[in-house]
Structure formats: C-alpha cells, structure tokens
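Notes for the one structure printed next.
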Amino acid sequence: MSTLHSKAAKAYLQDDQVVTRHDQTFFGVRQKRDRMAQALPEWESLREAASQIKKHTETHLADYLEQFEQNAVRNGVHVHWATDADEYNRIVLDILTQHQVTKVVKSKSMLTEECHLNEHLLQHGIDVVETDLGERILQMMQLAPSHIVMPALHVHREQIGDCFRKKISNFDEIARSYDKPHDDPNDPAFLTYVARMHLRQQFAEAGAGMTGANFGIAATGDVVVCTNEGNADMSTSIPKLHIVSMGIEKLIPDYRAMGVFQRLLARCGTGQETTVYTSHFRGPRPGGEMHIVLVDNGRSTILGNAEHWQTLKCMRCGACMNTCPVYRRSAGYSYTYFIPGPIGINLGMLRDADRYFDNVSACSLCCSCDNVCPVMVDLSTQIYRWRQQLESLGHAPAMKKMMSGGMSFLFNHPAIYKATLRLSPVVNWVPGALLNLKLNPWAYGHQMMTFPKKSFHRLWSTELKDEKNKPEIAIKP
C-alpha cells in the first residue's frame with residue numbers, strides 16, 4: 001500500500017524555509033512562462049493548433065506509426081515494438097548484450113523511469129550513467145526525480161557538493177585542475193566543472209548511448225530531442241550504438257507540426273524561447289547502429305478511454321506542476337506516482353487506480369493547470385472525474401463522505417443554511433490556540449480564516465434588493 005499523499009506532504013511541510021523556497025522557485029518558472037506567452041500575440045492560436053494536431057495524430061495513430069516505421073527503416077534504423085515494460089526492457093538488454101556493452105550513457109527519459117530500465121540493466125551487470133546533470137546528481141544520491149523537467153531543483157548545492165566528494169572517485173584530481181579562484185567549496189561554477197569532467201570520462205568509456213524522444217516525425221522518421229546541456233548529443237556522438245526509447249504518443253505528422261510544438265515546449269517548461277539544443281536524429285552515425293524502441297505500455301488502452309484519452313496529448317513540459325499550488329507546497333516526493341503534479345495524478349490513475357488513488361485529493365481544482373497546458377489538456381476536469389469515481393472504486397474517504405453528506409443537508413435546507421451563515425462569525429471569538437490544533441487539518445500549515453460579519457450570500461441578497469428598489473429613470477424622447 002502506498003504512503004498517502006497527505007501524510008507525505010505533512011512530513012515535507014515541517015520545514016517552512018524549504019517549502020517556501022520550493023514554492024517560490026517553481027512559481028518563478030511559471031512567471032517566466034507567462035512573460036514568454038504575453039510576448040507572442042498568437043499564443044492562444046499556437047495552443048489551439050497544438051491541441052488539434054495532437055488530437056488528429058492520436059486518433060490516426062496506427063497510420064502515423066506505420067509511416068514512421070517505414071521512413072525510419074529507410075533511413076537505416078532498426079525499429080522495435082514493445083507491448084509493455086517487460087518487453088521493452090528485454091529488447092534493450094538484448095541489443096546491449098549482442099554488442100557486448102557494459103556501460104551505457106543515458107540522456108534523460110521519463111519512459112525509462114516508467115519502465116524501470118536502469119534497475120533492470122544494473123541487475124544484468126550493465127552500468128547505467130545518467131548524463132543530464134540533475135538526473136546524475138539524483139542517481140548518485142539514490143533519489144528519484146521530483147519534477148519531470150527540473151528533476152533536482154529541490155536539492156541544494158551544499159548537498160550536491162557533499163555528494164560529489166563522496167561519490168566521484170577522482171574528485172580531488174578534478175578539483176586541482178580547476179584554475180579559477182573560488183573560496184566557496186560548493187561554488188556552482190566549480191561544481192559544474194567537476195560534473196563536466198566526471199561525465200566526460202563516462203562518455204569516453206561507454207559502449208552505447210541512450211536517449212528519449214521529445215517528438216517523432218512520421219513524415220521523415222526523425223527523432224527530435226530537446227536539451228539545455230547537450231548531453232544527448234554527447235551520448236550519441238561518441239558511442240557507435242544509439243538506442244532511442246519512445247512512447248508511441250510522441251509522434252507528430254511532419255515538420256510543420258514540429259514548428260508549432262517547438263515554439264511552445266521551452267516557453268511553457270522553462271520560460272525560454274527555445275532549448276539550447278534541439279537535436280534531430282534521422283539515422284545511425286557512420287559505422288554505427290541506431291535502434292528505436294516504440295513502447296505502448298498501456299497507451300493504447302488510454303487511447304480507448306473516452307474520458308481520459310487527452311492525457312496522451314501531454315508533451316511533458318512540466319508547466320502544470322510549476323503553476324499547481326499543491327505541487328509547489330508539497331513537492332514531488334509527496335506524490336506516490338513517479339510523475340507528480342496534475343498530469344501525474346491522471347497518469348497514475350490510468351496506470352493503477354487502486355494503487356495511486358490517494359493523489360486524486362492533491363488538487364484544489366483551481367484549474368490553473370488547464371490554463372497553462374500548451375496542448376490544452378483538461379487536467380482539472382479529468383481529476384474531478386476521477387473523484388466522482390472514488391466511491392465506485394472503493395476508495396472514497398470516509399471523512400469526505402460525511403462532510404459531503406453534511407453539505408448536502410445544508411444546501412437542501414435553506415433556512416438552516418442561512419442560520420449557519422449568520423452564526424459563523426462566532427468562530428472568530430474562539431481562541432486561536434483552540435482552532436489551530438494539530439487535530440484540525442484545516443489549520444495545518446496556515447491560520448484559520450476570519451469569518452466576515454456579512455456573508456457573500458447576505459451581501460448578494462442586499463445588493464439585489466437595492467437594485468430592485470431603485471426608482472426607474474424616465475428618459476425623455
């Protein structure tokens with residue numbers, strides 16, 4: 001049984017400074033996204049176009065998959081099909097074993113996280129090195145990503161420095177080669193240099209490079225990978241064997257469609273006009289091999305779900321997490337599915353509703369995620385639908401059922417409802433020490449509200465009466 005989101009979030013909320021820093025950091029990324037959006041008059045048209053392209057592609061997926069495979073094979077690429085995670089892991093292991101690979105350098109891929117590829121390869125004696133700096137830091141710290149785009153943004157530089165000194169065997173040698181003055185042993189520029197030198201050695205030793213895929217171009221058989229560090233290029237330019245892991249939903253029709261998504265992805269995800277590197281892989285390097293593994297792993301089932309198929313439109317930009325007040329205040333590790341935030345809630349429920357149902361409550365239904373999603377996935381509506389199904393799934397919280405019953409009683413008895421509203425300011429006279437107890441979940445993490453003297457209901461009624469009693473003004477012809 002998974003640890004409930006609420007319990008994990010409560011543990012995280014113990015440190016106010018950490019919570020505040022996390023909240024401000026990710027909302028800062030959201031604000032960068034807003035500035036980028038406001039600079040483009042055609043922003044909403046781009047979102048609409050992206051949504052329609054994804055809808056078209058997903059509803060004609062079989063045709064585009066066939067076209068993509070034919071073009072990729074024509075380009076000299078080996079194409080494999082994996083029904084589920086186990087088959088995917090077997091395919092990758094077989095390719096590496098046939099080439100006698102003992103070390104793989106790997107660009108960030110949420111699909112490999114989904115299928116637990118790293119663990120599978122390590123169990124079979126193959127060393128896997130994450131080359132995205134954030135992912136590498138977490139790998140050395142034996143932690144999972146807490147965000148799909150900025151996986152280690154919650155880790156502080158002091159922790160990173162300690163980790164490097166413990167886990168990088170030639171740390172002292174690398175440090176001596178750094179010729180710039182730095183008094184701080186955890187200076188970010190210094191730590192970046194250490195990471196660069198460390199990873200350079202890993203690239204040179206690897207027998208294969210693995211990348212994910214931000215997009216697959218059906219018309220040409222291309223795979224497009226967007227990074228800010230160039231690690232995907234390094235992973236594919238030194239080893240002669242390149243393996244691409246791609247979920248079947250990542251396909252788009254052609255380069256015209258690519259132009260739409262390229263303008264949205266970085267602006268939404270990190271507040272940049274574009275990523276530093278946008279790498280196109282069409283075929284193997286001279287003397288090398290390129291393999292693409294197309295993975296279903298439940299995506300076909302999602303496509304057949306009339307209420308939730310739109311999750312397949314997601315291009316993993318992370319914008320919904322950056323704006324989500326629950327994610328920002330509770331952080332990624334409080335979610336029990338490996339992808340947190342609004343999109344993770346929906347994907348987790350589609351994966352295993354009995355296991356990940358607790359995340360459904362980690363939503364305020366503020367709809368901010370809908371407003372920032374570049375492909376217009378109706379995330380909050382889908383979460384609301386899941387909430388309506390909790391009773392039939394056998395996971396409706398008893399407390400919330402009781403509260404809903406009480407609210408239903410109030411709303412169906414207007415006289416009692418009005419009397420309750422009139423009496424509510426009495427709560428303001430109760431000493432704060434009695435209200436802000438640990439037993440009161442409404443007061444956890446913030447002070448209880450002060451009830452106004454007049455409720456909105458009474459104000460509305462008064463204003464309405466005043467409008468009705470206003471004398472009519474005669475207008476002379």
Side-chain angles (χ1 to χ4, degrees), residues 1-3 78-146 148 151-152 155 163-164 166-169 195 198-199 201-213 231-232 234-236 238-248 289-299 332-333 335-340 344 347-348 351-352 355-356:
M1 181 65 181
S2 303
T3 303
H78 301 274
V79 178
H80 310 263
W81 298 81
T83 303
D84 54 24
D86 290 339
E87 187 174 9
Y88 163 70
N89 289 337
R90 284 197 304 271
I91 290 170
V92 174
L93 179 61
D94 287 346
I95 296 169
L96 296 173
T97 303
Q98 289 168 14
H99 289 78
Q100 299 180 329
V101 172
T102 57
K103 177 180 281 191
V104 178
V105 282
K106 180 170 158 288
S107 178
K108 184 170 68 174
S109 165
M110 295 309 294
L111 179 59
T112 59
E113 293 278 351
E114 175 186 325
C115 298
H116 305 288
L117 176 70
N118 287 15
E119 295 92 323
H120 183 75
L121 296 181
L122 289 168
Q123 288 170 4
H124 289 82
I126 297 176
D127 187 16
V128 183
V129 179
E130 295 286 353
T131 63
D132 175 271
L133 179 55
E135 289 281 351
R136 183 58 177 156
I137 290 167
L138 294 178
Q139 186 180 36
M140 287 194 287
M141 296 179 74
Q142 297 183 320
L143 294 173
S146 70
I148 60 177
V155 181
C163 175
F164 281 4
K166 291 176 183 176
K167 296 296 179 71
I168 297 178
S169 58
H198 164 67
L199 285 171
Q201 181 180 354
Q202 308 305 314
F203 289 127
E205 295 174 351
M210 291 191 66
T211 67
N231 54 306
M234 290 291 288
S235 297
T236 56
I238 298 179
K240 291 187 176 181
L241 176 61
H242 177 197
I243 303 173
V244 178
S245 305
M246 189 173 90
I248 58 175
E289 283 187 21
M290 181 175 174
H291 295 254
I292 298 175
V293 188
L294 295 167
V295 184
D296 187 324
N297 200 35
R299 287 158 175 78
Y333 292 148
Y335 294 81
T336 51
Y337 191 58
F338 81 102
I339 296 178
L347 290 172
R351 177 69 57 197
D352 187 341
R355 184 177 181 184
Y356 301 115

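Heads up: numbering here begins at 1 and tracks the sequence. Only heavy atoms go into these numbers, but all of them, side chains included; no hydrogens, no water, no symmetry mates.
Looking at every heavy atom in both residues, S107 comes nearest to N231 through OG-ND2, 3.5 Å. Between N89 and C115, the shortest heavy-atom contact is ND2-O, 3.0 Å. Taking every heavy atom of both residues into account, T336 and R355 meet most closely at OG1-O, 4.4 Å. What you find for G247 and L111 is that their closest heavy atoms are N-CD2, 3.5 Å. Smallest separation of non-hydrogen atoms from I238 and F203: CG2-O, 3.5 Å.
Atom-to-atom distance recorded for R299:CZ and I248:CD1 is 7.0 Å, nearest 0.5 angstrom. To the nearest 0.5 Å, atoms OG1 (T236) and CE (M210) are separated by 12.5 Å. The CG atom of L347 sits 13.0 Å away from the CG atom of D352 when rounded to the nearest 0.5 Å. Rounded to the nearest 0.5 Å, atoms SG (C163) and CD (Q139) are 10.0 Å apart. Atom CG of residue N118 and atom CG of residue D127 lie 10.0 Å apart, to the nearest 0.5 angstrom. One distance of note links CD1 of I95 with NE2 of H291; it measures 5.0 Å at 0.5 Å rounding.
More than 12 heavy atoms of other residues, nucleotides or ligands sit less than 6.0 Å from atom NZ of K103. Residue E119 places its CD atom among more than 12 non-hydrogen atoms of other residues, nucleotides or ligands, all under 6.0 Å distant.
With respect to the salt-bridge test (charged N to carboxylate O, under 4.0 angstrom), the residues R351 and E114 qualify.
Under the salt bridge (Lys or Arg N to Asp or Glu O under 4.0 Å) criterion, no residue pair touches residues 91-100, with sequence neighbours excluded.
A donor-acceptor contact shorter than 3.5 Å is absent between the side chain of K108 and the backbone of D132. Between the side chain of T102 and the backbone N or O of I126 there is no donor-acceptor pair closer than 3.5 Å.
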Inset, instruction - Using the side-chain contact (heavy atoms from CB on, under 4.5 Å) rule, take H120 and L93 through it: C-alpha gap first, then chi angles, then the decisive distance, then the call. - result: CA-CA 8 Å; H120 183 75; L93 179 61; 3.7 Å; yes

Inset, instruction - Using the side-chain contact (heavy atoms from CB on, under 4.5 Å) rule, take L96 and L241 through it: C-alpha gap first, then chi angles, then the decisive distance, then the call. - result: CA-CA 9 Å; L96 296 173; L241 176 61; 4.1 Å; yes

Legend entry - Audit row: R136, E130, salt bridge (Lys or Arg N to Asp or Glu O under 4.0 Å) steps and yes/no: CA-CA 5 Å; R136 183 58 177 156; E130 295 286 353; over 6 Å; no

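In this structure, the side chains of S245 and V295 stay at 4.5 Å or more apart for every pair of heavy atoms.
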